Amino acid sequence: MSADLTVGVLGAGAMGSGIAQVATAAGHQVLVTDASDEQLTKAREKLATVLKGVVAKGKMTEEASAALQGRISWAPGAAGAYELFKHCGLVIEAIAENLDVKQEAFRQLEAVVSDGCILASNTSSLSITAIAGGCQHPERVVGIHFFNPPPLLPLVEVTPGLNTASATTATARALIDRWGKTTVIAADTPGFIVNRIARPFYGEAVRILEEGIADIATIDWAMKEIGGFRMGPFELMDLIGNDVNQAVTMSVFAAMMYDAKYRPSVTQQRLVEAGLLGRKTGRGYYDYREGAAPPAPTRNQALGQAIVDRILTMLINEAADALFWRIASPRDIEIGITKGVNYPKGLLAWGDEIGPTLVLQRLDALLAEYGEERYRASPLLRRVVREGGRLLR
C-alpha cells in the first residue's frame, strides 16, 4: 500500500481518534466518522489540544500541526453512511466490543469499498474469523489491534482470521510497520497475545484482595516497588476503566469456554454495577475526588514478595501456555508483553531467570491449597521442567 492511500477510521472514541492521529502522522489522508456528532467534535478538539501541547514543547512546528490536522476529515453520520469510505484503501473499525454490531458494520463496509480495500478491526478480544463471518470476502478482513493510547504505545497485534489471505496479513503488517509501530502476529484466539497473557495481572491481584491477604494499596506497592511494574494492577484497572477491563475479561472467559483460569471477579463486577469505573468517574478501586487521601500501603517486604511471586507465577504460566498452544512465537510473546503492557521483562525469559522448577513448584502449591483448575500448570512448563530445558528457546 502506498503512502497516498486514504485510511478510514470507523469510530471516534479514544482508540479511533488515536489511530487516526497515527495514520495522519504517517502522511495519509484520513477519514474519521462516528454515529455521534458530539463524539466527533470531542475527538477533533482533543487532537487539537494534544497537538498544541506538542508544539508548545517544541516537538512540532505550527505548520506541521496544521498540516497534520488538515489531513483528517471528521465526517458525521457513520450509521447508514458507510459510503463515505468508498475511496479508502484501508478501513479500521474501532467501535463497541459487540460482535453483532461489528459484523453488521463489516457487511455495510464491504458493500461500498473497492475490491482492493483491506477491512480491519481494532478489537481487543473478539474473533476476527467471527467478525468476518458475514462478509462475502472474508479474505480481506484482518485484526489490527492498537494499544491505548495509540500514538504513544508502540505495539500493534496483527491477527489473521481463518479465511484471511496471507497477502492481506503481510500488507497490513508492512503498512503498520511503516507507521513506526512494532507489530506481532497473533493467532485468532481469545485475547490474542497480550489480553490473554495479562489476565492474571488483574485477576490474581483481585483474588489476593478478596482473600484478605493484602489491601489494594499494598498490592499495587508490591508490584511496583518489588516487582518493577510501572503501575499496580488496581491503578491500571482504574486507568483502563473497570467497565472496559471487566468486559474484556468476560469476553475472554466466554470465548475460552468458561475456563476457570479466566473467570471474572465479582468484586470488579460490583464496581461496574455501582458506576465506579475508575479515573473517568472519579472513583474506582481508588477515590480520585478532590480532597480524597490516597491509602497508605503496608510496606512489608515479606508480604510484598509473596504477592509478587504469586501474580508473577500466574503470568509466567499463562505465557508458557500461550506458547504451548501456538498463540504466537516466543519472540512475539516477549515483545507483546514488554511493548504492549510495559512489563519490566519478557515473561518467558523471566520464568527462566526464576527457574522453571521453582515456578512449577509455586503453581502446584497453589493448586494443592485451592484445588482449582485456575492454578493448573501449562503442559509446556511441566515438559520444560522434566527435560531440564528453558521456556525461551
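Because the structure is a prediction, the values reported are computed rather than measured.
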Would you tell me whether [X] and [Y] have side-chain atoms, one donor and one acceptor, within less than 3.5 Å of each other?
X	Y	result
Ser17	Gln21	no
Asp238	Asn242	yes
Thr168	Arg140	no
Thr6	Gln29	no

Please check if the side chain of [X] supplies one atom and the backbone of [Y] the other of a donor-acceptor pair under 3.5 Å.
X	Y	answer
Arg107	Gly134	no
Asp34	Ala12	yes
Asn122	Phe146	yes
Asp188	Ser127	no

Specify the closest pair of heavy atoms between [X] and [Y], including all atoms of both residues, with the distance to one decimal.
X	Y	result
Thr218	Asp215	OG1-OD1, 2.6 Å
Val308	Gly227	CG2-N, 3.8 Å
Gly89	Leu5	CA-CD1, 3.1 Å
Val272	Leu277	CA-CD2, 3.9 Å
Ala349	Leu392	CB-CD2, 3.9 Å
Pro297	Ala217	CB-O, 3.5 Å

Checklist entry - What orientation do Tyr343 and Phe229 show, parallel under 30°, tilted 30 to 60°, or perpendicular over 60°? => result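 Ring orientation, 0 to 90° scale: perpendicular.
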
Checklist entry - Relative to each other, are the rings of Tyr288 and Tyr286 parallel, tilted or perpendicular (30° and 60° limits)? => result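 Geometry flag for Tyr286 against Tyr288: perpendicular rings.
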
Flag the pair [X] and [Y] as a salt bridge only when some basic side-chain nitrogen lies within less than 4.0 angstrom of an acidic carboxylate oxygen.
X	Y	result
Arg376	Asp364	no
Glu373	Lys261	no
Lys102	Glu97	yes

Let me confirm one number: the [atom1]-[atom2] distance from [X] to [Y], rounded to the nearest 0.5 Å.
X	Y	atom1	atom2	result
Leu236	Met231	CG	CE	5.5 Å
Ile316	Leu360	CD1	CG	12.0 Å
Asn195	Tyr202	CG	OH	7.0 Å
Gln246	Thr249	CD	OG1	6.0 Å
Ile208	Ile213	CD1	CD1	6.0 Å
Ser166	Glu139	OG	CD	11.5 Å

Is any side-chain heavy atom of [X] less than 4.5 Å from a side-chain heavy atom of [Y]?
X	Y	result
Arg374	Glu204	yes
Cys117	Val91	yes
His137	Glu110	yes
Ile144	Val156	yes
Phe253	Arg199	no

Next on the checklist: Set out, in order, the CA-CA distance, both residues' side-chain angles and the distance that settles side-chain hydrogen bond (donor to acceptor under 3.5 Å, both in side chains) for Glu104 and Gln108, then state yes or no.
Outcome noted: CA-CA 6 Å; Glu104 178 59 25; Gln108 296 279 359; 2.8 Å; yes

Next on the checklist: Show, in sequence, the C-alpha distance, side-chain angles and deciding distance for Arg263 and Tyr258, and conclude whether the side-chain contact (heavy atoms from CB on, under 4.5 Å) test is met.
Outcome noted: CA-CA 7 Å; Arg263 181 176 293 121; Tyr258 303 101; over 6 Å; no

Checklist entry - If you draw the axis of the six-membered ring of Tyr370, does the NZ or CZ of Arg207 fall within 45° of it and under 6.0 Å from the ring centre? => result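 Satisfied, under 6.0 Å and within 45°.
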
